[in-house]
Amino acid sequence: MKRVQTTKLILWLVVGFAAAVGITRFLYGLGVTTNLNDATPWGLWIGFDVMAGVALAAGGFVITAIVYIMKREEFRPIVKPAVLTAFLGYIAVIISLLFDLGLPWNIWHMLVFWNPHSPLFEVGWCVMLYTTVLLLEFSPVPLEASSRYAKIRTFLLRFRFPLVMLGIMLSTLHQSSLGSLFLIMPYKSYPLWYSDILPILFFISAVALGLMMITLESLATSHLYRRHAETELLSKLAGASVWVLSVYLLVKLSDIVIAGESNLIFNGSWESTLFIVEILMGVLGPIVIFSIPQFRQSQKWLWAGSIMVVFGMVFNRINVGGLTMMGITGDSYFPSWMEISISAGVLSAAVLLFLFAVEKFHVWETSPRHPEAEPTSRPHFDRASQVWLGAPSVAGRTKYSLAFLFSFAVAVAIIPGNDINSKGAVSVPTMAARGGDTLYIDGNRDLYGVAFKHEMHISQNGQKQSCALCHHMNIPMDKQSGCYRCHKLMYQESDAFGHQWHSSPQGGNIACVQCHEEGQERMAVSAKKCDRCHRDLLPEGARIKYERNIAPSYVDAMHRLCVDCHKEKALTLEGKEDLARCARCHETVPPEYMSPEAPVFGNKPYFNRVMMPGAESLLKADD
């Protein structure tokens, strides 16, 4: 049992470290604890904790289907640990999701504010319902420890089969729907991972991962508790995984060939290398190993094959979840040590709960007992203090509590204070819109913006008098200042005044008393108004009044200006009820004169077999 205690001690160290980092995340936000940004909003917590976590927990519905639907009774001894693993896996996924959500306290919104058109809504509901089903499926196990709950246990056992059926149905839905989430990202996903049949690929890979996760869990616990490994059962699971992995490989490669993207597999890019590694490690290698009967009977090869499938499929989920999008977005992302520590902490906590359950309840036919807990065992003294720490359970709590507090304190000591006191947002300088009669507005030059019909807006809003509707301030010596001149940052507020420049000898070299009257406290509210000196600062008839010298972010400024006006027009103009909807402006491709900068396949904006919205008009024009 010493290896169990050592493992628990390590796990508690990881949990204690992650607890301190987790508190930091909730106190100071995502910006200071992650390396995520607008180009890469999904990182390790979604790719590993959620995408892979859900698939790692697939063993529950796979084993219950084998036992209760296929009537393979020989697998019944591994039903309880499989259901327990799935239940703890889904709890870990939900907790991880709370870390990733920007406003985690709004997670209950999906219960009230339904959006049935969203795959994420369906995934959320399925995960919530399936976790409840798993709780009900596993509840008879801890309840059997007390006769007080015998009626509840009997009631739950009576409905076990309907619960199993419901669990299989819910798992099938959300395991595939996880793939549906990425069908809306044809412009970001690399073609080797983007496919119209992603939901099917996700489901098949989840079945394979579930089989191998149960195998790995059984081997690991047998090693920890020195139990007799269920090699015969595990070899049958390995044999089944050969068929599942073969189907997965056939479907995936066929889809790539039919899509005409097979040349990408060996094009030498880093994405092709990832793809080859993923297939060799997670699919081809295990197929070869488990196709040999002697290897399936060997614990060493079962270890090797199951680890390869688990790592390979987790690697696949991370690739789909964001890693292979970086080539398209141009962004670079590597999870911060805080992201990694929280993921490790959540995983460690789940393992600790699993070990607690197998020791306290009849998850296995015989629960493991600590040798030192026997009445005849001799007292054990701590080597360092030579003090008897009590019974193994009490001694364990003492050591584990100390480990938790120690690592918690270490984490608090090394969390950088300067970083957590910053706002955490990435500063993206803005640039001028491009074009003539039609301006393309994308201040960060990512080609995802709005084609603004400048000339049309002028003609429909009163010709020259319309300028003041939008242009509410000019920088000195300028009559037509663009938005980017004051709204200098894409997602953050910026200084539209420049106090340092005005006061410095290298800038305006203006004495303080020229703006601040003597005897008054020198504050912005008591300073002389800017237009007292800059007569041309405010255009005549400007509707937007500025109250501070802090300019909102470029994105906020554009949205407030356009959306507010469109809302007014939607109420007054006949047939323009949808004028304020997002798709009204965000529906077009960049103007044709910008096509050299856009992702192009042939001579059309095109990616992953999906034409960019609005490109049909360009196609017709060429025809």
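None of the values given here were measured: they were computed from a predicted structure.
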Q: Within the distance-only criterion (no hydrogens, no angle test), does the side chain of Thr33 pair as donor or acceptor with the backbone N or O of Val21 below 3.5 angstrom?
A: no
Q: Can you tell me if Asn106 uses its side chain to pair, donor with acceptor, with the backbone of His109 under 3.5 Å?
A: no
Q: Using side chain to side chain donor-acceptor pair (under 3.5 Å), reason through Ser195 and Asp255 one step at a time and then give a plain yes or no.
A: CA-CA 8 Å; Ser195 170; Asp255 178 64; 2.6 Å; yes
Q: Between Asn474 and Gln480, does any side-chain donor sit less than 3.5 Å from a side-chain acceptor?
A: no
Q: Between Phe182 and Trp42 (judged by ring centroids, cut-off 6.0 Å), do the two rings come close enough to count as a pair?
A: yes
Q: In this structure, are over 12 heavy atoms from other groups packed under 6.0 Å from Phe334 atom CZ?
A: no
Q: How are the rings of His516 and His499 set to each other: parallel, tilted or perpendicular (split at 30° and 60°)?
A: tilted
Q: Which pair of heavy atoms, one from Asn444 and one from Met490, lies closest together, and at what distance?
A: N-SD, 3.5 Å
Q: Do the two ring centres, one from Tyr90 and one from His174, sit under 6.0 Å apart?
A: yes
Q: Judged by atom type as modelled, is there a donor-acceptor pair below 3.5 Å linking the side chain of Arg25 to the main-chain atoms of Phe99?
A: yes
Q: Would you say the side chains of Ser96 and Asp49 form a donor-acceptor pair under 3.5 Å?
A: yes
Q: Check the surroundings of atom NZ in Lys576: do more than 12 heavy atoms from other residues, nucleotides or ligands lie under 6.0 Å from it?
A: no
Q: Any chance NE2 of His502 has more than 12 other-residue heavy atoms, nucleotides or ligands included, within less than 6.0 Å?
A: yes
Q: Can the ring centres of Tyr190 and Phe275 be said to be less than 6.0 Å apart?
A: no
Q: State whether the side chain of Ser177 and the backbone N or O of Ser180 hold a donor-acceptor pair below 3.5 Å, judged by distance alone.
A: no
